[in-house]
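Model, not experiment: these values are computed from the prediction. Counting starts at 1 for both ligands and their atoms, in listed order. Note: hydrogens, waters and symmetry copies are ignored here, and every other heavy atom, side chains too, is used.
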Amino acid sequence: MITASEQVRITDVGPRDGLQSQKTLVPTAGKLALIEALWSAGVPAIEATSFVSPQAVPQMADADELMPAITVPAGRSLSALVPNQRGLERAVRAGCREVAVVLSATETMNQRNIRMGLAEAIATARDTLRDAQAQGLATRAYIAVAFACPFEGHTPTERVHALSTAMAEAGAGEIVVADTIGAAAPSDVQRVLQTLLQSLPAQSLGLHLHNTRGMALANAWQGLQMGVRRFDASIGGLGGCPFAPGAAGNLATEDLALLCAQAGLETQIRMDALVRAIDVAETLVGYPLGGCSLRWIRQNKEMSI
Ligand code: COA
Ligand code: ZN
């Protein structure tokens, strides 16, 4: 059920998930320009970077410099992904007040992504969440490959349920159910959410969707209808995961913001300024970006939504 004027919180993960797979290094100043453009468009939350191994993801090697250089407008939130306690320490030192831990739902994906088996990954996520909360940080926990894994195929719903409740019990403020390779259809989102909602309130759930099969927006709509009000999206659909073969771009922020606006849901995002952020992102990566709705938005960006 959707009631008009309800708030939907969109976290733009473009500077992290969007840029991490770019081969050409984007300078810190360029990342700052993108983040500034996103704030100017009213985006309420940004995942700016990740404090991961610079060998694993060279594009995120400037996290320690980038994070303290970002000015956060009042009422907005800035977060970073941390794979372990070392990442959390770096994030705290850089002034970060919200972190996301990452746990994949399959053994192989954990190995490929963070070089740990599932059991070790659960323990690491728990320890990192505990330490983050002890320091007063807000937390999110990604459950990656929650629908399908590029190495193991279909992900069992019960596994996603068990990992999500484990992360909620470990204190994660938000459980982000991630379709890392964009394999889900709305029927899959319905199946997984139905199971999760047996144990977890809709307010604690977020969806992180990729558009590999063109279904990200339909999947977001399914989530909205089931009460989810937190979504990750990426400016211009920028994205992909270097460790998950076949992962294409994220759900585009402009498509989700437009969907919400047309459904009467409040996102605080201004379309005219969001188009400028897409222009900045295009300059950084050097090729055209944009979700399904961009052409229409460019022609109608003065609309009041
Ligand atoms: N930040 C920076 N360096 C880190 C680190 C962190 N969070 N965690 C570990 N390291 C360093 C270690 O200090 C060590 O450095 P050294 O070789 O100079 O001694 C090196 O990385 C290896 O440490 P180890 O614990 O053996 O890590 P690993 O090689 O098994 O890698 C991760 C584990 C988690 C650090 C790495 O796989 C990673 O960063 N993955 C992130 C992947 C990602 O971002 N995926 C996309 C987002 S979901
Ligand atoms: Zn992603």
Side-chain angles (χ1 to χ4, degrees), residues 10-22 46-67 79-94 96 99-106 108-118 120-125 127-128 131-132 140-151 163 167 176-184 206-213 215-216 219-220 231-253 256:
I10 298 178
T11 300
D12 197 297
V13 295
R16 196 280 298 171
D17 204 14
L19 292 182
Q20 70 180 6
S21 53
Q22 296 296 317
I46 297 176
E47 188 172 88
T49 187
S50 54
F51 290 87
V52 298
S53 155
Q55 281 85 32
V57 189
Q59 189 66 259
M60 299 289 121
D62 63 349
D64 307 85
E65 291 80 50
L66 177 70
M67 189 53 96
S79 62
L81 185 147
V82 296
N84 53 19
Q85 285 155 297
R86 167 92 190 275
L88 174 64
E89 283 162 24
R90 287 176 57 204
V92 169
R93 220 177 303 129
C96 184
V99 289
V101 300
V102 59
L103 179 61
S104 297
T106 66
T108 319
M109 190 65 208
N110 278 304
Q111 287 288 358
R112 298 291 179 110
N113 195 33
I114 54 174
R115 294 162 50 100
M116 297 172 205
L118 186 53
E120 193 189 347
I122 295 170
T124 299
D127 291 347
T128 308
D131 291 358
R140 315 201 303 148
Y142 280 109
I143 311 295
V145 295
F147 298 91
C149 168
F151 310 106
L163 294 176
M167 290 299 100
V176 190
V177 182
D179 185 15
T180 309
I181 57 169
L207 279 172
H208 175 107
L209 302 163
H210 283 254
N211 202 32
T212 318
R213 302 188 192 185
M215 293 197 203
N219 290 339
F231 294 86
D232 287 359
S234 172
I235 187 71
L238 188 64
C241 175
F243 305 97
N250 286 66
L251 168 60
T253 303
L256 181 59

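- Residues forming a salt bridge (charged side-chain N to carboxylate O under 4.0 Å, His left out) with Asp232 (at least two apart in sequence, or on another chain): Arg140.
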May I have a table of the N/O to N/O pairs between ligand 1 and the protein that fall below 3.5 Å, each row giving the two atom names and the distance to 0.1 Å?
{"from": "ligand 1", "atom 1": "1 (N)", "to": "Val52", "atom 2": "O", "distance (Å)": "3.3"}
{"from": "ligand 1", "atom 1": "1 (N)", "to": "Arg90", "atom 2": "NH1", "distance (Å)": "2.8"}
{"from": "ligand 1", "atom 1": "3 (N)", "to": "Arg86", "atom 2": "NH1", "distance (Å)": "3.3"}
{"from": "ligand 1", "atom 1": "7 (N)", "to": "Phe51", "atom 2": "O", "distance (Å)": "3.0"}
{"from": "ligand 1", "atom 1": "7 (N)", "to": "Asn84", "atom 2": "OD1", "distance (Å)": "3.0"}
{"from": "ligand 1", "atom 1": "7 (N)", "to": "Gly87", "atom 2": "N", "distance (Å)": "3.3"}
{"from": "ligand 1", "atom 1": "8 (N)", "to": "Asn84", "atom 2": "ND2", "distance (Å)": "2.9"}
{"from": "ligand 1", "atom 1": "10 (N)", "to": "Arg86", "atom 2": "NH1", "distance (Å)": "3.3"}
{"from": "ligand 1", "atom 1": "13 (O)", "to": "Arg86", "atom 2": "NH1", "distance (Å)": "2.5"}
{"from": "ligand 1", "atom 1": "29 (O)", "to": "Arg115", "atom 2": "NE", "distance (Å)": "3.0"}
{"from": "ligand 1", "atom 1": "30 (O)", "to": "Arg115", "atom 2": "NE", "distance (Å)": "3.1"}
{"from": "ligand 1", "atom 1": "39 (O)", "to": "Ser53", "atom 2": "N", "distance (Å)": "2.8"}
{"from": "ligand 1", "atom 1": "40 (N)", "to": "Asn113", "atom 2": "O", "distance (Å)": "3.1"}
{"from": "ligand 1", "atom 1": "45 (N)", "to": "Asn113", "atom 2": "OD1", "distance (Å)": "2.6"}

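- Taking the side chain as every heavy atom from C-beta outward, Asn250 and Asn211 never approach each other to under 4.5 Å.
- Residues meeting the side-chain contact (heavy atoms from CB on, under 4.5 Å) test with Ala183, sequence neighbours left out: Ala148, Asp179, Ile181, Arg213.
- To the nearest 0.5 Å, atom CZ of residue Phe231 and atom CG of residue Leu209 are 7.0 Å apart.
- Checked by atom type, the side-chain pair Thr124/Asn84 shows no donor-acceptor distance below 3.5 Å.
- Taking the ring centre of Phe151 as origin, the terminal cationic atom of Arg112 falls inside the region bounded by 6.0 Å and 45° from the ring axis.
- When each of Thr128, Leu103, Leu88, Ile114 is tested with Pro83 by the rule side chain to side chain contact (heavy atoms under 4.5 Å, CB included), just one qualifies, namely Ile114.
- Excluding waters, the protein N/O/S atoms found under 2.8 Å from the Zn ion (ligand 2) are Asp17 OD2, His208 NE2, His210 NE2.
- In this structure, a donor-acceptor pair under 3.5 Å is present between the side chains of Arg16 and Gln20.
- For the side chain to side chain contact (heavy atoms under 4.5 Å, CB included) with Val102, the lone residue among Asn113, Val176, Val52 that qualifies is Asn113.
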